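Shown next, in structure tokens, is the structure this report addresses.
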Amino acid sequence: MTLAVGGGLIVAGAVVALVHAAMSSVQDSIALPPRSEAPYSEPYEGDPYEEEPYEEDPYAEESGATEPDARKDVTITACTRDPQIGWQSAKVKVVNGSSTTASYTIMMEFLDEDGVKVAEGGAGVVDLEPGGSAVKKAQGLGEVPPGTTCRISDVWRTPSD
């Protein structure tokens, strides 16, 4: 029995020594670089990167910005609260009113009885032909109170390439 305990202590000591040696080598490899000897300077006066505001969005055409009538392409067909988990969702119908195939991103807000936003959700439609329609579910995230209503907050229509 004494031999077993002694052997166990020797093995444990060897493991501790091995771990200590490994930690020392790791510590050396992750040591911080020496501190810079550069002199301290005061912050700049003003903002050197400040630009003049644009009259209009310079990236509007590149980013596929929302066309004014894109919101008219989307209607809410149902607004329901799941009775089991209390999460709100909305079914939206998208009809492509443009002359080109387009993709849509629809953002929803879910409002309590006082009109306060209690959750958000979204849905998307990809490559919808002109005049084509699709029905999608915009699932809200998080539990909402009974009586919550749905409202479209943003619609982006992007021409498909």
Side-chain angles (χ1 to χ4, degrees), residues 19 22-23 25-161:
V19 168
M23 293 299 289
S25 68
V26 168
Q27 182 179 8
D28 291 342
S29 69
I30 61 170
L32 295 174
R35 185 175 174 152
S36 170
E37 296 299 322
Y40 172 78
S41 65
E42 292 295 323
Y44 292 110
E45 295 283 329
D47 184 1
Y49 301 106
E50 189 173 323
E51 296 181 16
E52 294 296 317
Y54 290 106
E55 295 284 326
E56 57 188 57
D57 184 1
Y59 304 107
E61 292 204 17
E62 290 179 25
S63 65
T66 304
E67 295 176 37
D69 60 346
R71 189 178 292 258
K72 295 177 189 174
D73 292 354
V74 182
T75 55
I76 298 171
T77 61
C79 182
T80 56
R81 179 179 179 270
D82 184 302
Q84 299 296 321
I85 62 171
W87 288 26
Q88 194 81 9
S89 65
K91 279 193 180 173
V92 292
K93 182 176 183 179
V94 182
V95 178
N96 185 351
S98 74
S99 60
T100 61
T101 300
S103 296
Y104 288 81
T105 302
I106 302 103
M107 298 304 298
M108 301 294 301
E109 292 179 333
F110 302 103
L111 311 171
D112 68 10
E113 290 178 337
D114 296 326
V116 176
K117 181 171 61 171
V118 292
E120 295 178 310
V125 177
V126 178
D127 295 336
L128 191 60
E129 297 290 328
S133 67
V135 175
K136 294 291 181 171
K137 180 179 183 180
Q139 179 64 56
L141 302 175
E143 189 173 351
V144 299
T148 296
T149 58
C150 303
R151 176 174 71 188
I152 298 169
S153 59
D154 281 312
V155 176
W156 294 278
R157 178 175 61 204
T158 308
S160 300
D161 294 323

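The figures that follow rest on heavy atoms only: side chains count, while hydrogens, waters and symmetry mates do not. In this text, all values refer to a predicted model and were calculated from it rather than measured experimentally. FYI, the numbering just counts along the sequence from 1.
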Mind checking the CD-CG spacing from Gln88 to Leu111? Nearest 0.5 Å is all I need. 9.5 Å
To the nearest 0.5 Å, what is the distance between CE (Met108) and CD (Glu120)? 11.0 Å
Going from CZ on Arg157 to CD1 on Ile106, what distance comes out if it is rounded to the nearest 0.5 angstrom? 11.5 Å
To the nearest 0.5 Å, tell me how far Cys150 SG sits from Lys91 NZ. 12.5 Å
Report yes or no: does Arg81 contribute a side-chain atom to a donor-acceptor pair with the main-chain N or O of Thr148 at less than 3.5 Å? no
If every non-hydrogen atom of Gly97 is compared with every non-hydrogen atom of Asp73, which pair is closest and at what distance? N-OD2, 3.2 Å
Determine whether a donor-acceptor pair (N or O, by modelled atom type, separation under 3.5 Å) exists between the side chain of Thr101 and the backbone of Asp127. no
When every non-hydrogen atom of Ala70 is compared with those of Val155, the smallest separation belongs to O-CG1, 3.6 Å
Nearest heavy-atom neighbours spanning Asn96 and Leu128: ND2-O, 2.7 Å
Given 3.5 Å as the limit, does a donor-acceptor pair link the side chain of Arg151 with the main chain of Lys117, or not? no
Give a yes or no on whether the backbone of Met107 and the side-chain of Ser153 come within a donor-acceptor separation of less than 3.5 Å. yes
Derivation and outcome, side-chain contact (heavy atoms from CB on, under 4.5 Å), residues Lys93 and Ile76: CA-CA 6 Å; Lys93 182 176 183 179; Ile76 298 171; over 6 Å; no
Heavy-atom closest pair (Tyr104 atom, Val95 atom, distance to 0.1 Å) is OH-O, 4.0 Å
With heavy-atom distances below 4.5 Å as the criterion, would you say the side chains of Ser103 and Ser160 are in contact? yes
Nearest heavy-atom contact between Thr100 and Pro159 is OG1-CB, 4.2 Å
Ignoring hydrogens and angles, tell me if any N or O in the side chain of Asp114 forms a donor-acceptor pair with the backbone of Val116 under 3.5 Å. no
With rounding to the nearest 0.5 angstrom, report the OG1 to NZ distance, Thr77 to Lys136. 13.0 Å
Gap separating the OG atom of Ser89 from the CZ atom of Phe110, nearest 0.5 angstrom: 6.5 Å
